[in-house]
2 protein chains.
Amino acid sequence: MSMAEFKGKVKNVQDTPFGYTLSVIGGKWKMVIIYLLAENQPVRFNDLKRQIGAITFKTLSSQLKELEADGMVTRKEYPQVPPKVEYSLTDKAESLLPVLEGLCEWGTKNQNRR
Amino acid sequence: MSMAEFKGKVKNVQDTPFGYTLSVIGGKWKMVIIYLLAENQPVRFNDLKRQIGAITFKTLSSQLKELEADGMVTRKEYPQVPPKVEYSLTDKAESLLPVLEGLCEWGTKNQNRR
DNA sequence: CAGGATCCGTTAGGATACTG
DNA sequence: CAGTATCCTAACGGATCCTG
């Protein structure tokens with residue numbers, strides 16, 4: 001791994017690959033959001049909310065904003081009434097999907113056993 | 001992905017594969033700790049502290065305890081004075097290493113560019 | 001050496017109500 | 001429809017000091 005260079009001199013976790021990655025996908029719902037976007041992009045705000053269920057508007061909104069700020073999600077707004085906004089994944093996010101799949105598989109295998 | 005079954009009915013994130021995985025490795029230093037253990041197991045407490053740098057004893061201690069409780073880390077205590085404790089990875093943690101590597105690579109590629 | 005015990009500040013995220 | 005605006009709380013993690 002390319003973490004090797006950090007051995008013994010980690011000052012800010014944020015500056016390590018792991019720290020950075022965690023800051024991007026470590027939000028409580030972010031991986032779920034990315035997963036759902038990957039399944040059926042583009043997705044509208046309320047669709048996403050409905051697909052998730054146990055998330056509040058405010059939380060979904062802020063998680064999406066952070067994902068957008070981190071270059072993971074694209075927000076496309078249609079100037080019409082009623083409003084229509086669509087979210088989709090950036091290439092950066094797409095490049096993470098294989099890894100996410102690994103995390104998902106590992107989680108599935110391990111969450112119900114010790 | 002096996003997250004498909006959760007679409008529309010996510011009640012607790014913790015119950016999804018992503019939620020579970022995040023609860024296990026989402027701690028601020030946990031991925032770094034697992035990475036360092038993977039490199040040179042078994043490792044003693046203060047060695048680990050030294051290898052990391054910017055972490056306090058208390059934080060390292062609690063992160064290790066949580067990892068142990070989640071079946072990721074084994075703590076071996078030698079009954080001697082001065083004390084000697086060695087930490088190593090469980091099979092469960094070892095099975096996550098390939099995925100961790102993916103996260104690390106992705107982080108390396110993406111942390112310095114948009 | 002390997003921690004435990006306290007105290008404490010930040011903040012992520014939930015509940016609820018309101019809006020262009 | 002797609003959010004804001006507030007308010008609020010739990011808990012994560014840092015700082016510091018102490019100990020078997």
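Only a predicted model underlies this, so the values are computations on that prediction, with no experimental measurement involved.
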Residues that [X] engages under salt bridge (charged side-chain N to carboxylate O under 4.0 Å, His left out), provided they are two or more places apart:
{"X": "B/Lys28", "answer": "none"}
{"X": "A/Lys65", "answer": "none"}
{"X": "B/Lys49", "answer": "none"}

On the 0 to 90° scale, with breaks at 30° and 60°, tag the A/Phe45-A/Phe57 ring pair as parallel, tilted or perpendicular.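 Answer is parallel, since the angle falls under 30°.
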Among all residues two or more places apart in sequence or in another chain, which pass the side-chain contact (heavy atoms from CB on, under 4.5 Å) test with [X]?
{"X": "B/Val99", "result": "A/Val99, A/Leu103, B/Leu96"}
{"X": "B/Glu105", "result": "B/Glu101, B/Lys109"}
{"X": "B/Glu94", "result": "B/Gln41, B/Leu89, B/Leu97"}
{"X": "B/Thr74", "result": "B/Ser88, B/Thr90"}

Which value, rounded to the nearest 0.5 Å, describes the distance between A/Leu67 atom CG and A/Ile34 atom CD1?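 It is 5.0 Å, given to the nearest 0.5 Å.
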Among [options], find the nucleotide with the atom closest to the side chain of [X].
{"X": "A/Pro83", "options": "C/dG3, D/dC1, D/dT4", "value": "D/dC1"}
{"X": "B/Phe45", "options": "D/dT4, C/dG14, C/dG3", "value": "C/dG3"}
{"X": "A/Asn46", "options": "D/dA2, C/dG14, D/dG3", "value": "D/dA2"}

Between [N] and [X], is there an OP1 or OP2 to side-chain N/O distance shorter than 4.0 Å?
{"X": "A/Tyr87", "N": "D/dC1", "value": "no"}
{"X": "B/Thr59", "N": "D/dG14", "value": "yes"}
{"X": "B/Ser62", "N": "D/dG13", "value": "no"}

Does any residue of residues 73-82 of chain B have a heavy atom under 4.0 Å from DNA chain C, and if so, which ones, in number order?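 The stretch gives B/Arg75, B/Pro82 as the residues lying under 4.0 Å from the strand, ordered by number.
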Between atom [atom1] in [X] and atom [atom2] in [N], what is the gap in whole Å?
{"X": "A/Leu64", "N": "C/dG13", "atom1": "CG", "atom2": "P", "result": "13 Å"}
{"X": "A/Trp29", "N": "C/dG14", "atom1": "CH2", "atom2": "C1'", "result": "11 Å"}
{"X": "A/Leu60", "N": "C/dG13", "atom1": "CG", "atom2": "P", "result": "12 Å"}
{"X": "A/Lys49", "N": "C/dG14", "atom1": "NZ", "atom2": "P", "result": "11 Å"}
{"X": "A/Lys65", "N": "C/dA12", "atom1": "NZ", "atom2": "C1'", "result": "16 Å"}
{"X": "B/Ile55", "N": "D/dA15", "atom1": "CD1", "atom2": "P", "result": "11 Å"}
{"X": "B/Glu68", "N": "C/dG3", "atom1": "CD", "atom2": "P", "result": "9 Å"}
{"X": "A/Ile52", "N": "C/dG14", "atom1": "CD1", "atom2": "P", "result": "10 Å"}

Write out a two-atom table: protein N or O, nucleotide N or O from nucleotides 6-12 of chain D, distance below 3.5 Å.
none

I'd like to know if the side chain of B/Gln63 and the backbone of B/Trp29 have a donor-acceptor N/O pair within less than 3.5 Å.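 Here the side-chain-to-backbone pair exists.
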Please figure out whether A/Arg44 or A/Val13 has its closest DNA chain D nucleotide nearer the 5' end.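 In this pair, the answer is A/Arg44.
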